[in-house]
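For reference, the structure is listed below as structure tokens.
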Amino acid sequence: MNVLKTTWLAAMLMLLTSLAQAADLTIEITRGSDRATPIAIVPLADADDLPQDIAQIVSDDLERSGYFEPLERRAMFDRPSSSEEVRYGDWRALDVRYLVVGRVSREGENYRIRYELMDVSGQSRLLGETVTADRQELRDAAHYISDQIFEEITDIRGAFATRIAYVTSIGVGDSIQYALHVADADGRNSQQILSSDEPIMSPTWSPDGGKLAYVSFETGRPAIYFQDIATGKRVRATSFEGLNSAPAWSPDGRRLAMSLSKDGQPDIYVMDIGSRNIQRITNSSSIETEPAWSPDGRSLVFTSDRSGGPQIYRLDLDSGEEQRITFTGNYNARARFAPDGESLFLIHRGNNGYQVARQGLENGRLVALTDTRQDESPSVAPNGTMVIFATQQGGNGVLGGVSADGRASFRLPAARGDVREPAWSPFLN
């Protein structure tokens, strides 16, 4: 194996370091979009005893998307709670395009949240609904409301009620503790679903959102596991000699692509999950890794260094034809399809370091989306509007997010330590 391959493989398998714990992640908006639509989310009436600020959660969701610029509360000189109370001229004077109002009432142990969405310029009510939730479901209710508002205005399905998985570590040297977490898409309501003295890598969601596949080194060498999120039940799927890495679930949930080195150099294999039969689909003397399925399940993209450095190749599963599809720069890796199948999100090394980029599959044009320098592991929201990734901030690993056009970004650091290996869930209903 030459020096280039040795260095790259070592980087691919680099162990997670530093600190982390099961605390929620905290949103930091780092850049707003200059095309964001002005919107006002008025605090809900009669919400003083509500344990969660529903209106603020909705406002944060919409701002994080990059599509909306919420009006600050201190700028609101009126706080209506229903469409009948809205004085549209007041909100036009504040340059607000859309307005959300509502109130909360109690029904036993449950809360009834009534919200309405208004088009200020058209002076019309676009949406109105009552959502019922108990104390533990209030954040879920807020994300649901965000999804309805987002879709009503943009005609794009909202992804605020989805979830993310990520890996943390705590400690240094031989005393590092690793953990796999699942949280809401905004980083809150974190749940630790696995802890280990050995590294955990590459979590990926099943298409129904009920399971994760990931790589664990708990036996002293890498193996791929399936884990049911609700029950915690785990099954070891592969533990071949050598590398077992980069699992990727097919869109129909019946197959798992992966990189194995059991026959020599790492190549791409596909497992039939029902029978556990394995089929080798690349056969190269180069490193082949990081497979990702096209939305229609008919092809895979993967990273290979067969051209001298890591680049993205596409494999047609019916014909077996392979073609290189990235040519900008000498490093392109970890590609993931947009949900519409028309572009890829990947890690590109340019003059400013390793950054999340988008490449159109039709025109081949590659555009960097981030201004950070050490990005890795991009994962795309199921509606294609945002990409979450791992990066560095102040010497610690954090999660970053960027809009698909690169105009808006945010970060999700933990209160302590490193956060890596994010994976965005599919739609959950």
Side-chain angles (χ1 to χ4, degrees), residues 24-27 29 36-65 67-92 94 96-120 122-154 157-163 183-191 410 427-429:
D24 289 346
L25 307 181
T26 303
I27 300 172
I29 304 295
T37 299
I39 191 170
I41 317 295
V42 178
L44 300 177
D46 302 325
D48 292 342
D49 66 339
L50 206 63
Q52 298 282 353
D53 189 337
I54 300 295
Q56 189 61 56
I57 296 170
V58 172
S59 178
D60 292 343
D61 282 346
L62 296 177
E63 182 178 16
R64 194 172 71 256
S65 75
Y67 280 71
F68 295 95
E69 182 182 359
L71 182 69
E72 294 185 6
R73 287 184 176 181
R74 64 173 179 265
M76 299 178 187
F77 47 76
D78 190 19
R79 296 195 174 187
S81 61
S82 68
S83 54
E84 292 81 6
E85 298 174 359
V86 173
R87 297 193 292 266
Y88 289 101
D90 294 345
W91 297 99
R92 281 198 301 272
L94 294 171
V96 170
R97 290 275 307 278
Y98 296 97
L99 176 67
V100 179
V101 301
R103 66 170 55 247
V104 179
S105 60
R106 289 289 297 269
E107 280 192 357
E109 296 299 316
N110 291 329
Y111 297 89
R112 286 172 54 86
I113 305 159
R114 176 68 179 175
Y115 74 95
E116 296 174 276
L117 169 66
M118 268 75 68
D119 178 347
V120 173
Q123 299 189 47
S124 61
R125 179 177 178 269
L126 300 178
L127 189 62
E129 187 179 7
T130 299
V131 179
T132 301
D134 64 25
R135 188 181 186 91
Q136 285 71 42
E137 297 169 335
L138 286 172
R139 292 194 69 88
D140 293 339
H143 295 318
Y144 168 83
I145 293 169
S146 301
D147 282 343
Q148 306 315 301
I149 294 169
F150 186 86
E151 184 169 5
E152 179 66 30
I153 297 173
T154 68
R157 184 176 179 181
F160 306 112
T162 56
R163 311 200 78 191
D184 293 350
D186 62 358
R188 305 299 297 273
N189 287 340
S190 173
Q191 297 175 300
F410 61 89
F427 289 116
L428 299 177
N429 52 48

*Start with the C-alpha gap between Tyr88 and Leu99, add the side-chain angles, then the distance that decides, and say whether side chain to side chain contact (heavy atoms under 4.5 Å, CB included) holds.*
CA-CA 9 Å; Tyr88 289 101; Leu99 176 67; 5.7 Å; no
*asked:* Apply side-chain hydrogen bond (donor to acceptor under 3.5 Å, both in side chains) to residues Ser81 and Glu85 and explain how you reach the verdict.
replied: CA-CA 7 Å; Ser81 61; Glu85 298 174 359; 3.2 Å; yes
*Could you please spell out the steps behind the side-chain hydrogen bond (donor to acceptor under 3.5 Å, both in side chains) verdict for Gln52 and Tyr111?*
CA-CA 11 Å; Gln52 298 282 353; Tyr111 297 89; over 6 Å; no
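You'll find the side chain of Asp186 reaches within 4.5 Å of the side chain of His143, heavy atoms only. Under the 4.5 Å side-chain criterion, counting only non-hydrogen atoms from C-beta, Ile149 is in contact with Val58. When side chains are defined from C-beta on, Leu62 counts as touching Phe160, because their heavy atoms get closer than 4.5 Å. Annotation: side chain of Trp91 is in contact with side chain of Val42 (closest heavy-atom distance under 4.5 Å). No side-chain heavy atom of Ile27 sits less than 4.5 Å from a side-chain heavy atom of Glu63.
Taking CZ from Arg87 and CG from Asp78, the interatomic distance works out to 4.5 Å, rounded to the nearest 0.5 Å. Atom CD1 of Ile153 sits about 4.0 Å away from atom CD1 of Ile39, to the nearest 0.5 Å. Expressed to the nearest 0.5 Å, how far CG of Leu138 lies from CD1 of Ile54 amounts to 4.5 Å.
Applying the salt bridge (Lys or Arg N to Asp or Glu O under 4.0 Å) rule to pairs touching residues 98-120 yields Asp46-Arg103, Asp49-Arg106, Glu107-Arg112, Glu116-Arg125, sequence neighbours excluded.
Taking each heavy atom of Glu151 and Gly158 in turn, the nearest pair found is CB-N, 4.4 Å.
Here Asp53 pairs with Arg73 in a salt bridge; the nearest charged N to carboxylate O distance falls below 4.0 Å.
A perpendicular orientation is assigned to the rings of Tyr67 and Phe150, their planes being inclined by more than 60° (bins at 30° and 60°).
When each of Leu44, Thr130, Leu50 is tested with Ile113 by the rule side chain to side chain contact (heavy atoms under 4.5 Å, CB included), just one qualifies, namely Leu44.
The closest donor-acceptor contact from the side chain of Asp147 to the backbone of Ala161 lies under 3.5 Å. For the pair Glu137 (side chain) and Asp134 (backbone), a donor-acceptor distance under 3.5 Å is present. Put simply, the side chain of Ser146 gets close to the backbone of Ala142: a donor and an acceptor are under 3.5 Å apart.
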